[in-house]
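All chains are named by letter (A, B, ...) in the order of the sequence lines, taking the proteins before the strands, and each is independently numbered beginning at 1.
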Number of protein chains: 2
Amino acid sequence: MDSSTEEKIYEAARRIFILKGMEGARMQEIADEAGMNKALLHYYFRSKENLFKAVFKDIFTKFFLKVKDTLFSDVSAKEKLIVFIDNYVDLIQSNPYVPQFIINEINRDPKVLKTLMFESGIEPQKLLEIFLNKVQLNNQSKLDPRHIVISLLGMLVFPFVARPLLQMVYFNDDKVAYDRFLNERKDIVKNMIFKFIEA
Amino acid sequence: MDSSTEEKIYEAARRIFILKGMEGARMQEIADEAGMNKALLHYYFRSKENLFKAVFKDIFTKFFLKVKDTLFSDVSAKEKLIVFIDNYVDLIQSNPYVPQFIINEINRDPKVLKTLMFESGIEPQKLLEIFLNKVQLNNQSKLDPRHIVISLLGMLVFPFVARPLLQMVYFNDDKVAYDRFLNERKDIVKNMIFKFIEA
DNA sequence: TGAAAATTTAACCATTTAGTTAATCTTTTT
DNA sequence: AAAAAGATTAACTAAATGGTTAAATTTTCA
């Protein structure tokens with residue numbers, strides 16, 4: 001590993017903050033994770049707040065940008081949706097703690113979101129557009145497409161965010177069974193959404 | 001108000017813990033909220049951990065028990081589902097911070113859940129049963145009904161848990177519009193679920 | 001090479017926080 | 001009414017935590 005000290009701090013902070021959140025994380029813990037003296041965190045980032053903001057912006061931006069492209073290809077709405085769901089689930093699966101981390105930190109301090117929205121380059125409207133035409137086409141013109149988008153996101157995100165609870169309650173705490181369950185979800189969710197929008 | 005000191009502490013702790021979580025809450029803050037000396041919290045509850053456990057168990061149990069009955073009436077599965085959704089959304093609407101609070105605290109310490117499950121008297125299987133017959137009836141015998149239940153819960157809970165993010169991203173931070181949106185959700189979700197299970 | 005600049009460390013500081021204690025006030029009991 | 005038990009308070013303690021500092025080490029480069 002030939003990464004710089006600053007990068008090591010950044011990566012360590014990233015891991016710790018995602019797991020424990022801004023308030024739960026300890027500077028000493030991050031220093032230990034990075035394998036160095038705590039004073040170095042302040043030498044490079046001045047304060048915990050500063051370090052957190054840098055890391056959070058990075059996590060937030062990267063997370064949402066990773067699926068953004070899937071909505072720009074020149075294929076049918078249906079195909080776009082399929083690719084989006086596949087990629088989104090893959091993304092969460094390789095960053096299982098990130099959705100809840102983002103939700104928690106935005107709830108803790110919603111102010112940060114406003115600035116982040118513009119700087120990040122994410123385009124949440126793109127996901128809406130998939131359903132905008134689709135819904136009008138099928139005599140459901142009264143239906144706000146945001147209902148479909150938020151239903152979709154809820155179905156995809158919830159099983160990860162509430163995993164410990166759901167795994168215990170509905171899977172007898174069988175980790176393997178729950179992983180199998182998560183792998184089936186892509187197709188289940190596609191199915192549900194299609195059945196709904198294709199009147 | 002003629003509630004006892006212990007009850008005042010309990011109620012204050014309840015409010016503060018729900019808003020800030022176990023780690024974010026301060027004993028002094030709870031004492032202030034209850035309008036009394038901090039030493040009294042220890043006099044009645046010995047430790048923060050103790051106070052939290054008592055409060056958490058109470059919140060967890062009451063929350064889930066409040067909708068449990070809706071699944072025991074002697075009506076059709078469809079009607080049961082309608083009543084469940086109506087009551088569940090009402091329940092969240094009057095306790096908007098509780099779902100995320102429960103999810104966060106269980107993620108922080110999943111051990112508590114195991115004991116809670118048995119002592120609380122909740123019966124999560126009851127919700128499954130609604131779909132168990134329904135699904136087999138419609139040539140979807142391969143479909144695990146847990147997928148429907150978790151989709152349902154995700155669609156209902158997610159808009160509340162991720163409210164600040166969604167309100168900003170999809171509603172231009174218009175609180176009134178988002179409240180209107182939430183009120184429409186009961187029917188939208190019923191519709192989605194029915195379209196899916198009624199092959 | 002050697003001085004200046006950048007990096008790293010150990011020790012320290014100030015504040016916050018859960019928890020304790022001993023004294024005071026209030027209620028109950030005899 | 002007096003003693004005992006219970007409730008409440010202010011002041012305190014010990015540990016944790018974010019942040020600082022001055023000295024030591026390493027790197028840069030004239």
Does a side-chain N-to-carboxylate-O contact under 4.0 Å join B/D90 and B/K186? yes
Specify the separation, in whole Å, of atom CD1 of B/I9 and atom C1' of D/dT8. 11 Å
Contacts to DNA chain D from residues 13-30 of chain A, heavy-atom cutoff under 4.0 Å, which residues? A/A25, A/R26, A/M27
Pairing donors with acceptors under 3.5 angstrom, does anything connect the side chains of A/N104 and B/Q100? yes
Tell me whether the guanidinium CZ or amine NZ of B/R108 lies under 6.0 angstrom from the six-membered ring centre of B/F52 and within 45° of its axis. yes
Under 6.0 Å between ring centres, would you say that holds for A/F158 and B/F158? no
Per the under-4.0 Å heavy-atom filter, residues of residues 37-54 of chain A near DNA chain D come out as A/K38, A/A39, A/H42, A/S47, A/K48
Pair B/F56 and B/F101, ring centroids less than 6.0 Å apart: yes
For atom CG of B/D32 and atom C1' of D/dT9, their distance in whole Å: 14 Å
Flag the pair A/F131 / A/H147 as yes when their ring centroid distance falls below 6.0 Å, and as no otherwise. no
Does CD belonging to B/E49 count more than 12 external heavy atoms closer than 6.0 Å? no
May I ask you to test the B/R26-B/K20 pair for a side-chain heavy-atom distance under 4.5 Å? no
